[in-house]
Each structure stands twice: as structure tokens, then as C-alpha cells.
Amino acid sequence: MVNNFDERLLDSYSQTVSGVFQRASSAVVKIDVQKDAPGSGSGFVFTPDGFIITNSHVVHGARRIEVSFIDGRRIDAQLVGDDPHTDLALIRVPLHNLNHVPLADSNRIQVGQIAIAIGNPYGFQCTLTAGVISALGRSMRSQSGRLIEHIIQTDAALNPGNSGGPLFNSLGHVIGVNTAVILPAQGICFAVPSNTAKLVVSQLLHHGRVSRGFIGIMGQNVPLPHGIVHVGKLPVESGISVAGIEPQSPAAGAGLLVGDIIVGINEQLISSIDDLHRYLTNESVGHPYILTVIRQFEKTYVRIVPSLSAQS
């Protein structure tokens, strides 16, 4: 039997969730795309002049993008840019004075707080699911193969067609962009945090792409021989084997050789390509790094200056 206190709690929760839906649902849109494999997803308006955030996997490679609003309007959209490495994209429709939703500071969210996912899989009616933030700081691999960091995990179910839609807090502010669901794991869903979206969107607005550091190697994770680990006093047992070097790249200019094994950068040990990617951000461009390298069973150091990546 539910007592009066429980009823008041339920009413408060329901009012919070319903209030977010009433305020924010008109900013959530359906996105239809024409490409080699036609598909659809969701997105949300975050500026009054028609800029919309969605997933890269929804719009990447699209020949045509059409946005549907819940009031029945269907408008062709322009792709401003997309970033497969974070599964985020920015599109724009030629409209003004649109209802929009703000991006929150995702660093302030906590495990256990309310999470509300809204999507628009039909174009004329939004869907809502609610739950809580169940974990923070997760990592997941994007379709490009690169790790997406600081992922938000929630039990708010992600319905089909809701990829790219917003994840809200109880104030109706966007804390994440819904990007994936693991069906065998009882509907565990993931969202790219809003702070990541802010950084990516800023670069897409200014450059149409996301800049990252580039050194020009083809690498693979390899275990280190036990002798090297012991003699070199390395607390890691794997590194990045240089399998190829692009001509006229920073790696070629720095004197890296095929067969070198990278185990550190700026005196910080690294053991995988994912570790190296964490250093190759936009801020790394033009700044010298010292790589710790195992070359023919001996430790050596290579000075390298990352350049601007030619790929988004």
C-alpha cells in the first residue's frame, strides 16, 4: 500500500518529468537522410537560428537531410560538419526564433540524478523515457574506432529512432547526446556529455571539422618482451609498435623508425593507441612532445611536434 508520503514523491517526480517534456519537446526533431543506406534519427535545436545537434552516424555521408518538427514542418537542412570520432554532428535549418534547449555543464552531474531522454522517431510526436544516471566516466568506441571519453551511462531506455536526441536533467537542460544502447544488457544507454558537445560544436561552427594532433604513424598494440620490461624498469607490459610512417609527416621528420615501440610521452607511460590519442588533441598541434621509444631492445627518446590532422 502506498502511503501519502510516497504519493507526494511520485507526484513530484511525475511533475518534474512532465514539465521537462512540455518545455523541451518542441525543440526535438526527427532527421531523415538520403544516403547509401537511408535512415533516420533524432536531434535537438540548441540555438534560435536553427542549429541542430545530432549523431554523426545519423547524417554522415548524407546526400540530403530533412528535418521534421512536431508542428508538421519539414525543412531541408544543411550539414555544417560532423565528427565520427565523437559521433556528433551539426546541421542547420533556415529558420529563426525556434524553441531551443540549452547545454548544461556535464561536469556537475552526479550518479543517481534524474535523466530524461526525449527523441522524435516519427516527426509529429516525441517519445520520452526517464531514469537515472547510473554511471559516469565510461568509454566507448566510435564507428571510426577511436574511443569516446567521459560517456554518461543511464537506464533511461533509448527507443528506436532516438539516436542523436537529447538527454536532459530535471531543469530541462541538455546533459548529453544519446548515442548508443546495449540491448542484451537490459537497455543500458550511453550519451556523449554536453561539455564534449560544446567543444565539438564550437570547432564545427568555425571550421566545419574538428582539429586534432597528427604525427603520421600506423601503429598497433603489442606486448613487450619480458626482458625489456625488466631491464627498462617499465611498469607497463605493452606499447605501440610503429608499423608504418607516412612520408613528410611529423614522425618521419622526427626520425621514428618502423619497428620502434612507443611506451611513453612527456615522461608519462602509455601502453596503447588509445592512450596516445588522448594526447593528440587540438592543443597538441605545434607543441613538442618527447616520445619514449624502445628501439632494438634499448630505450631512446624522440622529439616530435604534432601537426594539424588532415582528417576530421
*Treat each ILVMFWY residue as a node, draw an edge where side-chain heavy atoms are under 4.5 Å apart, and state whether F214 and V302 are in one component.*
no

_Closest heavy-atom pair and its distance - K35, A62_ = CB-CA, 3.8 Å

*Test R63 against D36 for salt bridge (charged side-chain N to carboxylate O under 4.0 Å, His left out), laying out the working first.*
CA-CA 9 Å; R63 293 186 295 270; D36 293 339; 3.3 Å; yes

_Using side-chain heavy atoms (C-beta onward) and a distance below 4.5 Å, is I294 in contact with K299?_
yes

*For R108, check side-chain hydrogen bond (donor to acceptor under 3.5 Å, both in side chains) against everything at least two apart and list the hits.*
none

*Sorted by first residue and then second, give each salt bridge (charged side-chain N to carboxylate O under 4.0 Å, His left out) pair with at least one member in residues 128-142; sequence neighbours left out.*
R141-D274

*Identify the heavy atoms of S284 and Y289 that sit nearest to each other, and give their distance.*
CB-OH, 3.3 Å

*asked:* For the OG1 atom of T179 and the CG atom of N55, what is their distance to the nearest 0.5 Å?
replied: 4.0 Å

_Evaluate S68 against N120 for side-chain contact (heavy atoms from CB on, under 4.5 Å), listing each step before the verdict._
CA-CA 9 Å; S68 300; N120 191 335; 5.9 Å; no

*Would you find more than 12 non-hydrogen atoms of other residues, nucleotides or ligands less than 6.0 Å from D76 atom CG?*
yes

*Looking only at heavy atoms, which two atoms of Y279 and Q268 are closest? And how far apart?*
OH-CB, 3.2 Å

*Apart from I133 itself, which Ile, Leu, Val, Met, Phe, Trp or Tyr residues share its cluster (side-chain heavy atoms under 4.5 Å, direct or through members)?*
I109, V111, L136, I152, L167, I175

*Of the non-hydrogen atoms in G131 and D155, which two are nearest, and what is the gap between them?*
CA-OD1, 3.2 Å

*What do the steps show when you test D260 against I217 for side-chain contact (heavy atoms from CB on, under 4.5 Å), and what is the final call?*
CA-CA 11 Å; D260 285 349; I217 67 167; over 6 Å; no

_Checking I151 against V192 for the side-chain contact (heavy atoms from CB on, under 4.5 Å) test, could you report, in this order, the C-alpha distance in whole Å, the side-chain angles of both residues, the deciding distance, and whether it holds?_
CA-CA 5 Å; I151 288 291; V192 179; 4.1 Å; yes

*Say you draw a straight line from OH of Y122 to CD1 of I70; how long is it, rounded to the nearest 0.5 Å?*
14.5 Å

*Over all heavy atoms of both residues, which pair between I240 and G219 is shortest? Give the atoms and the distance, please.*
CG2-CA, 4.2 Å

*Under a 4.5 Å cut-off applied to non-hydrogen side-chain atoms, are F46 and V174 in contact?*
no

*Just jot down the salt bridge (charged side-chain N to carboxylate O under 4.0 Å, His left out) partners of D87, sequence neighbours excluded, or say none.*
none

*asked:* Is there a side-chain contact between P306 and P250 in this structure, where contact means two heavy atoms from C-beta onward sitting under 4.5 Å apart?
replied: no

*Rounded to the nearest 0.5 Å, how far apart are OG1 of T47 and CZ of R92?*
6.5 Å

*Close side-chain approach of Y301 to T292, heavy-atom, < 4.5 Å*: yes

*Transitive ILVMFWY cluster of F69 at side-chain heavy atoms under 4.5 Å: who else is in it?*
V29, I31, V33, V45, I52, V58, V59, I65, V67, I75, L79, I91, V93, L95, L98

_Atom of A156, atom of A117 and distance for their closest heavy-atom approach_ = CB-CB, 4.3 Å

*Between V210 and T86, does a side-chain contact (heavy atoms from CB on, under 4.5 Å) hold up when you go through it step by step?*
CA-CA 10 Å; V210 176; T86 55; 5.8 Å; no

Please table the atom pairs, donor to acceptor, closer than 3.5 Å between any side-chain atom in residues 197-206 and protein atoms at least two apart or in another chain.
unit_1, atom_1, unit_2, atom_2, d
K198, NZ, A104, O, 3.1
Q203, OE1, S211, N, 2.8
H206, ND1, S202, O, 2.7

*Kindly compute the distance separating CZ (F190) from CG (N178), expressed to the nearest 0.5 Å.*
12.0 Å

*Taking the side chain as every heavy atom from C-beta outward, state whether F168 and I118 have any pair of such atoms under 4.5 Å apart.*
yes

_Is it the case that over 12 heavy atoms from other parts of the model lie below 6.0 angstrom from the NE2 atom of H150?_
no

*Would you give the length of the straight line joining atom CD1 of I148 to atom CE of M140, rounded to the nearest 0.5 angstrom?*
5.0 Å

*Distance (rounded to the nearest 0.5 Å) between R23 CZ and H173 NE2*: 7.5 Å

